[in-house]
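Following: one structure in structure tokens, then a few remarks.
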Amino acid sequence: MRLYDSLSQEKKEFVPRDAEHVTMYFCGPTVYNYVHVGNARPFVVSMVAKRYFESLGYRVTLVENITDIDDKIIQRALAEGRSAAEVGAEFAQAYRDDTDRLGLGRPDVEPLATEHIQEIIDLIAKLIKEGHAYQAGPDVYFKVAGFPGYGKLSKQQVAEMRHGARSAVGEDKIDPLDFALWKGTKPGEPCWDSPWGPGRPGWHIECSAMSLKYLGAGFDIHGGGRDLIFPHHENEIAQAESAVGGPFVRFWMHNGMLNLGDEKMSKSLGNTVTLREILDKYRPEALIMVFLGSHYRSPMELTPAVLEEAEQQVNRLRNVFGELADRAATGDASGVAPPGGAVAAPTGGGGPGAQAALSVGDAPGAALLERVGARREAFASAMADDLNTAAALAEIFGLAREVFAALAAGEVDPATAARIRAELGEMVHVLGLDAVAEGGDAIPADIVLMAEERQKCRAARDFSRADALRAAIAARGYEVRDVPDGYKVVPLR
RNA sequence: GGCGACGUGGCCGAGUGGCUAGGCACGGGUCUGCAAAACCCGCUACACCGGUUCAAUUCCGGUCGUCGCCUCCA
């Protein structure tokens with residue numbers, strides 16, 4: 001596959017460091033609050049990338065940190081009269097809870113900065129020992145001037161950066177560009193013992209320490225939001241390459257920012273929306289669909305309209321899986337429908353039976369399977385081109401259209417339906433959209449009763465009562481669809 | 001000012017030197033007690049101005065506009 005590397009600013013053939021093992025590190029959030037939707041993008045991107053590599057046959061180790069010690073956490077703790085550890089733990093858990101709702105699983109390792117203080121201290125000690133860092137009073141700084149490649153990721157000139165750089169009061173840097181590796185403690189702040197006195201890690205060092213610990217120097221992919229390029233990742237390169245004396249990572253992968261409406265989502269503007277707020281209003285698959293609908297490197301708008309549209313797309317995929325499941329269930333591999341056919345389909349499964357018996361014929365099924373093969377190939381090429389999920393999704397929708405058409409024409413035998421369902425299932429799995437392929441929860445018994453009652457009303461031609469029942473069912477969040485030989489209940493949304 | 005993106009049909013959003021993106025919405029039709037789902041048909045674009053070319057939305061230059069980063073930020 002080809003993957004864009006932000007450092008060289010070009011797509012390069014991706015070859016992992018280790019033949020069969022892909023190593024990835026993504027920068028997770030600093031947990032001083034509930035994460036906003038923007039934080040979900042790198043999470044989704046990294047999980048989808050992981051799935052894609054796995055689909056290629058690689059073993060993947062994805063490390064995604066949680067930074068649970070920093071100025072803002074301390075500030076909040078102070079303001080709320082509790083410990084920074086407490087604040088960090090609360091929001092780290094909230095972050096896990098929120099991202100769990102996406103249904104993408106967890107990264108393989110989710111290291112906490114506060115649990116890697118020793119590794120951080122060791123790394124700093126090494127940098128000092130080798131002359132890349134120096135102690136200044138209670139603090140330790142990285143010596144930017146000693147790292148020739150500084151600015152190579154963000155494409156900035158050191159001289160110009162120095163122009164606008166500033167030092168906070170009380171800092172004793174030699175060079176304004178130097179950044180803190182270790183911050184000496186101040187009254188009321190949490191601290192750890194170190195060779196340089198009590199203090200805490202600076203912002204960037206934890207990621208280098210943890211990525212090197214779990215993945216080793218020269219690992220494959222280091223990712224995160226574009227806004228981390230400077231200073232975070234630039235500084236990581238400086239400190240990590242100085243420490244290892246060689247390349248830090250092979251590919252830098254940066255996702256674009258999220259905008260809310262026409263305003264940029266920004267903490268300073270105060271217009272952030274938390275991930276949990278979004279997930280309370282929309283299905284997780286819809287949010288994933290929105291992310292995948294545009295390329296991961298592009299900035300994107302997140303508006304109610306976009307999310308609503310994604311809900312529709314989710315419905316369409318759910319429908320195609322539902323129809324395929326129904327068709328697959330209508331008979332054995334010979335294509336003969338079971339006697340009697342299905343009438344009620346309380347779980348959304350089962351369904352039409354009678355008209356199915358007529359469609360046999362290998363030819364139409366074979367033609368459709370050919371289409372599936374072609375779509376899968378196109379899907380694979382799209383993903384192989386810098387994870388072009390939007391194009392990959394288009395193949396899924398294209399296939400859905402073809403499947404529906406074949407289904408409508410009665411050209412799909414149960415065995416073919418089952419096979420297509422499985423293949424489509426594999427595709428949506430790579431994109432983290434497994435939910436669209438699942439049957440969903442069982443329909444509540446009372447809803448089924450209402451639907452049954454409605455059937456009776458229809459049979460008795462009491463349509464006003466039937467419609468009232470449908471409305472009542474809709475009010476409960478379900479939709480009744482009349483199908484040729486019965487009905488079907490599906491969840492709205 | 002430096003660096004990096006981007007301007008595609010009603011909307012979102014891929015992509016390409018000549019040939020269908022896809023989705024949503026909309027209009028017409030089929031099916032249906034109604035509705036939904038689905039199918040069929042329709043709607044077909046590449047900011048502007050130059051240039052290169054047999055041919056440019058796609059390459060080059062310029063103009064206008066939008067956005068991100070330049071030590072809070074995924």
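Chain naming here is simple, since letters A, B, ... match the order of the sequence lines and numbering starts at 1 in each. Computed from heavy atoms alone, side chains included, the values below leave out hydrogens, waters and symmetry copies. In this text the structure is predicted, and so the values were computed from the model without any measurement.
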### Message
If you compare every side-chain N and O of A/N259 against the phosphate oxygens of B/C67 (OP1, OP2), does one of them come in below 4.0 Å?
### Response
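Checking B/C67 against A/N259, no side-chain N or O comes under 4.0 Å of OP1 or OP2.
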Looking at [N], does its base get a donor-acceptor pair with the side chain of [X] below 3.5 Å?
| X | N | answer |
| --- | --- | --- |
| A/Q157 | B/G2 | no |
| A/N388 | B/G15 | no |
| A/D482 | B/C34 | yes |

### Query
What string of B, S and - do you get for nucleotides 38-46 of chain B 5' to 3' if you count protein non-hydrogen atoms under 4.0 Å?
SSS------
### Message
At 4.0 Å (heavy atoms only), tell me whether A/S6 reaches a base, stays on the sugar-phosphate, or touches nothing.
### Response
nothing
### Task
Would you indicate what A/H295 reaches in the nucleic acid, counting non-hydrogen atoms under 4.0 angstrom: base, sugar-phosphate, or nothing?
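Sugar-phosphate, backbone atoms only, no base.
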Answer yes when [X] and [Y] have at least one side-chain N-carboxylate O distance shorter than 4.0 Å, and no when they do not.
| X | Y | result |
| --- | --- | --- |
| A/E277 | A/K281 | no |
| A/R465 | A/E453 | yes |
| A/R2 | A/D386 | no |
| A/D70 | A/R200 | no |

### Query
Under a cut-off of 3.5 Å for both distances of each Watson-Crick or G-U pair, what dot-bracket string does RNA chain B give, using [ ] for crossing pairs and | for inter-strand pairs?
(((((((..(((.....[...))).(((((.......)))))....(((((..]....))))))))))))....
### Task
Hey, which sits more toward the 5' end of RNA chain B by its nearest nucleotide, A/F179 or A/Q313?
A/Q313
Every protein N/O lying under 3.5 Å from an N/O of nucleotides 26-29 of chain B:
none

### Query
Does the aromatic ring of A/F463 sit over the six-membered base ring of B/G33, closer than 5.5 Å centre to centre and tilted less than 30°?
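The ring of A/F463 is stacked on B/G33.
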